[in-house]
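For reference, the structure is listed below as structure tokens.
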Amino acid sequence: MTNELDIFVGNTTLIDEDVYRLWLDGYSVSDAVGLRVRSGILEQTGATAGVLQSDTMDHYRTFHMLERLLHTPPKLLHQLVFQIPPSRQALLIERYYAFDEAFVREVLGKKLSKGTKKDLDDISTKTGVTLKSCRRQFDNFKRVFKVVEEMRGSLAGNIQQHFLLSDRLARDYAAVVFFANNRFETGKKKLQYLTFGDLAFCAELMIQNWTPGAVDSQVDDMDVDLDKEFLQDLKELKVLVADKDLLDLHKSLVCTALRGKLSVFPEMEANFKNLSRGLVNIASKLTHTKDVRDLFVDLVEKFIEPCRSDRWPLNDVRLFLNQYSASVHSLDGFRHQALWDRYMVTLRSCLLRMYHD
Amino acid sequence: MPGKLKVKIVAGRHLPVMDRASDLTDAFVEVKFGNMTFKTDVYHKSLNPQWNSEWFKFEVDDEDLQDEPLQITVLDHDTYSANDAIGKVYIDIDPLLYSEAATVISGWFPIYDTIHGIRGEINVVVKVDLFNDLNRFRQSSCGVKFFCTTSIPKCYRAVIIHGFVEELVVNEDPEYQWIDRIRTPRASNEARQRLISLMSGELQRKIGLKVLEMRGNAVVGYLQCFDLEGESGLVVRAIGTACTLDKLSSTAAFLPACNSPSKEMKEIPFNEDPNPNTHSSGPSTPLKNQTYSFSPSKSYSRQSSSSDTDLSLTPKTGMGSGSAGKEGGPFKALLRQQTQSALEQREFPFFTLTAFPPGFLVHVGGVVSARSVKLLDRIHNPDEPETRDAWWAEIRQEIKSHAKALGCHAVVGYSESTSICEEVCILSASGTAAVLNPRFLQDGTVEGCLEQRQEENLPAGCGFCHIPYDELNMPFPAHLTYCYSCRKQKVPDVLFTTIDLPTDATVIGKGCLIQARLCRLKKKAQAEANATAISNLLPFMEYEVHTQLMNKLKLKGMNALFGLRIQITVGENMLMGLASATGVYLTALPTPGGIQIAGKTPNDGSYEQHISHMQKKINDTIAKNKELYEINPPEIPEEIIGSPIPEPRQRSRLLRSQSESSDEVIELDLSHGKKDAFVLEIDDTDAMEDVHSLLTDVPPPSGFYSCNTEIMPGINNWTSEIQMFTSVRVSRLSNINLTNQTLNKNFNDLCENLLKSLYFKLRSMIPCCLCHVNFTVSLPEDELIQVTVTAVAITFDKHQAVQTTKTHVEKSLQRASTDNEELLQFPLELCTDSLGPHPFSPAKEHLESASSNSGIPAAQRATSIDYSSFADRCNSWIELIKLKAQTIRRGSIKTTVSVEKASPLTEGHFRQRSAPACANSTVGVVKMTPLSFIPGAKITKYLGIINMFFIRETTSLREEGGVSGFLHAFIAEVFAMVRAHVAALGGNAVVSYIMKQCVFMENPNKNQAQCLINVSGDAVIFVRESELEIMSTQQPIASCQPACGGGEIAT
């Protein structure tokens, strides 16, 4: 005797968090049943495998029906078919839009196109995330990107409003969108040590300070693109390394202030000009799209790696960067203080966050 | 022209894309009522159109208002070709027709298409202006209230309970009309939906007229069903109990005393002493009214005379026939006379109620039921549905005569059902024979209650168990003892009833769901041969179902069944029987004896061993069950009880396993003569199987209880979490080697597995109880069995349960006090009513017992506040996000967000809140429950009956996720539409919800499936008790959010 039809419909839609996770993780019904059996649920509840199979099928069917609504979360709130308590709705949405660290590091900064989608097979094998789950995460990125791409207002705010995500997750998505839009290179081997958290941190600062939205909250694309004018202006900073007097003065100011305070003072003194040149050159080249994409590679190559090879402690890096940015204010011949601050405040925080093993 | 219907179409949302090119839709709306149609403008290129139409006004008769549904069709405008229909909304405007119910229907309705399901929503406002109509000969019955609830609704009190009302209307089924060959499935489905909607309206109106004629103002326990008779037509029938209700809150607004009897005299069409021989009734061919009868083995079917078509018995119409019992005798006769005078004026003294005002139910005789097999033929003249009427009249007569045989004048907990397969139809009716207190049946007969003193002075809660029949002239030999509570009156050893456990009954331990399941193969046959075969099988099925129930009851160590419902389903090649009931241990009844197995051939050693092994297992199970259900009755020395009457028969009631196979029913006669002969044939493997199957029923996992009555006997501390659900399973039987045994096993497994699945799914609610578990079985095809279950899981507080089990008296008092919310109305009314004439009336005593215990509920309520306020606090951050989002949009950085709160008590707020203005609203929670109440809450208003019928069809079954995906989505949609209608009425819950029909047909080869669903219930507004208290203390607490405000709209 076989069950041709087997359904359970509650007035309040039953959501089993464990099964939801298995479904999100892309397991088939039979795999999910297997995993549930292994979790010891049969012993706990005294249920049979048949019951578990039926229960899992039922939940999967429900999730499948909900998926269409989850693509536009406000619809989930307004729809009438599934009566779900608000806290559960929030959970459904939040989990559906959550992503795996391993996966996001593979996709971050890549164009969210069909081409990338084709590579999901490889990403799946590489990260151990099921292909189904990879697809969901990728489609989520793409969907969010499409919706907020050309929208006015705060990026994270827009995402939160249209996808009803938690504050944290919305900011993460803002980072994903920002990276995808600017196509920052994050996949290079020397960047592998950076976590998504590091990059999202940087993205948030850049969105706050380096986009058109930072100066004017009424422009289009205010949060997704870098401020073109700002990038153009950054060329002016070149004088800091091009003018030898200025460079020497800058160095002496920093050295005076830090003498006796750094454990790596000699190394710093020796490397000052290289480091300064590196940081300023990065700024002045940002008018080229290619160099924008390589921003993180450059930061690692030009600053982090040299410091790391000299075994600077993090605290020394902090002291140096603080002094390095502050001393510029004492350079009488330098007129772009505001510009410098806009650049350096963000960069300093990014570098500090990125400075780890 | 006494009514003006006004409709306004406000907006739509989430419409489907109808124009592929633009990915948009040019939507407009047609509003139709009767023959009149209005249209809105086309709202171009939008999936969220804002029509904001004018008020469309229909000036119509109130007759039409009752019959016709308002039909709203959403279409996509197409310049060049025909406009495409997006979907429809049918709105039953009946709730707007009585003054106390809803005044406006306003809200978002799902737009439903029979092929595509729900496609977006539409916001509609409907109002009715009724003009007073003084026409005496009117055809309408506006103003009569309808309730599905099978007890007196919570915020009313019964002034008079008039009695049975019934009506049926027939029509041709559009699906079988010639035109169906040329029209689309959609058109055909819509024609059917519309027709049934129309017929329901007409039926309700006609019933309403009958009620007005009886001078009533309401129908309680209204049950409407439709029979899809296929070629021969479509029957919509309804039964209910006419009452005169008085709203409790309205202070002393007494209705003018209605002296109904004079009016009712007209209603007596039949002879006073109806001939119980329904056998010979009717001019139709004998085959077509096979009211089978057989004389049942007296010893099993004692209380349940369902198979007891014992027509040889003279119905005891003569009162006080000299056969008076000891003390109660003369009184009984007197009471009977009064009751009878009240009841005899009625054609059918039936009541569809299952719970009653205290004091209403005097004695309960037992279950009465009747079935008859009919051959369907085309209904030639829909306006004269005489044959169907005659069929039912016949069955009702039989029920009435059964009740008389049990010395009862009324039948309570009455219901009717059908099962149809091809052209054969089984009509069934069942109820509980009872003796009622005449006080509620007629107005102004209160003096009759004086005599009751004697009877009802007895310790509370055993009166209804006392036998209503004369012990010297019993309808069947029953085993009687003196009541274990009062020791004065006689009680039977087991009691079967179709009603809920009376609130004043005292029980020991907890109850449990008991099911008897049975299949019988039958040869495929045509027409009359088929009908004969079925008629021949029916008695055996009934008999076996009863034996199974009795055995299972004993196995649980219990002595009474409540809410018994036996369903016999007919299929092409088999009959299925499913009986569900809730077993309890009534303190008033004797302790059930164990089950003993006897073998026929004692000389076979190994067999003997086997038997004794089985016996041991059975005894162990009984002991285990007693522990599980906390059944520990106090030991009572036998001598106090007195000797059994009428003959000192062997007390132990043996398992009649030996006679469970159908071929042995011939042996039934044995039981007349030599009572103690227990014959077990060695080669009777069936019997063995049956014993085994008895033992295979596993109890629910710990923390779970189940029952099919309103509330679980023995649990009285419900907390507020409820989950109503419907579960459907269709199983295919392997075609080969179908025998009765394998069938039985399959069916048993199907039901058991289904229950296990439910327990597993709802495990997060433990400790909880599945209440009102309602199984329905159908046989859609040869090898398919469909089982549909609807029930509600309710959580309860385990710790309090432990405290309360001390003595029965204490417990019963507590129960009374827990229920006082519901009972309040009656004690109140009894108090004013009965104080004068008889100060020592039992009713008053009852009141006192309830009020003296009012300390207890206070404590209980205190905990329930905590619980629900905890739930209420679940104010998710999603709303916060939305608020934030809005502030962001507004550009203002800091707006203090005050979540809109409204006191759910005041209606004005409800109206406001459900107003269409709130376009950006989250959906309010609407609770659904098959029970008549909501735990931890008080129903403040009944908004009207919900009675909806839907058809869903698909030609892309695979694409919709197969049969499971299709039906899952459909049932979810049906729930959604019910909730939307309730919310639009301003309600926040449906009580007494029932899925009356779920007909599923599939054709996987053609990738097609079709399903019909009929649901009903009462739309209500409820308020949490915790909120009530907050309201009363006048302390608006900021974090208090209405948990389930009706049509609730936040932000």
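Letters go in sequence order (proteins before strands), and every chain restarts at 1.
- Around atom CZ of A/Arg68, no more than 12 heavy atoms belonging to other residues, nucleotides or ligands sit under 6.0 Å away.
- Heavy-atom neighbours of A/His64 NE2 from other residues, nucleotides or ligands within 6.0 Å: at or below the threshold of 12.
- Note on ring orientation: taking the six-membered ring where Trp is involved, the planes of B/Phe725 and A/Phe8 are parallel (angle under 30°, cut-offs 30° and 60°).
- For B/Ala793, no part lies near chain A; criterion is any non-hydrogen pair under 4.5 Å.
- Rounded to the nearest 0.5 angstrom, B/Arg979 CZ and A/Gln83 CD are separated by 4.5 Å.
- Neither the backbone nor the side chain of B/Phe966 has a heavy atom closer than 4.5 Å to any heavy atom of chain A.
- Note on B/Glu1002, B/Met724, B/Glu973, B/Met977: by heavy-atom pairs under 4.5 Å with chain A, the leading option is B/Met724.
- Using non-hydrogen atoms only and a strict 4.5 Å limit, the part of residues 40-61 of chain A facing chain B consists of A/Ile41, A/Thr45, A/Ala47, A/Val51, A/Leu52, A/Ser54, A/Asp55, A/Asp58, A/His59, A/Arg61.
- Of the listed residues (B/Ser702, B/Ala976, B/Pro701), the greatest number of heavy-atom pairs within a distance under 4.5 Å of chain A belongs to B/Ala976.
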Steps toward side-chain contact (heavy atoms from CB on, under 4.5 Å) verdict (B/Gln723, A/Asn11): CA-CA 6 Å; B/Gln723 166 72 290; A/Asn11 182 38; 4.2 Å; yes
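- A heavy-atom distance below 4.5 Å is not found between the side chains of A/Leu5 and B/Arg729.
- In this structure, chain A has a heavy atom under 4.5 Å from the side chain of B/Ile118, while its backbone stays farther away.
- One N or O on the side chain of B/Ser727 and one on the backbone of A/Ile7 form a donor-acceptor pair closer than 3.5 Å.
- The contact between B/Leu784 and chain A is made entirely by side chain atoms (from C-beta outward), counting heavy-atom distances below 4.5 Å.
- Screening B/Ile971, B/Thr790, B/Val728 for a side chain to side chain contact (heavy atoms under 4.5 Å, CB included) with A/Val9, the sole residue that qualifies is B/Ile971.
- Interface residue B/His968: backbone and side-chain heavy atoms are both found under 4.5 Å from chain A.
- Ranking B/Lys761, B/Met928, B/Glu121 against chain A, the residue ahead of the rest is B/Lys761, based on heavy-atom pairs under 4.5 Å.
- Looking at B/Leu762, only its side chain comes within 4.5 Å of chain A, counting heavy atoms on both sides.
- There is no contact between B/Gln786 and chain A, counting heavy-atom distances below 4.5 Å.
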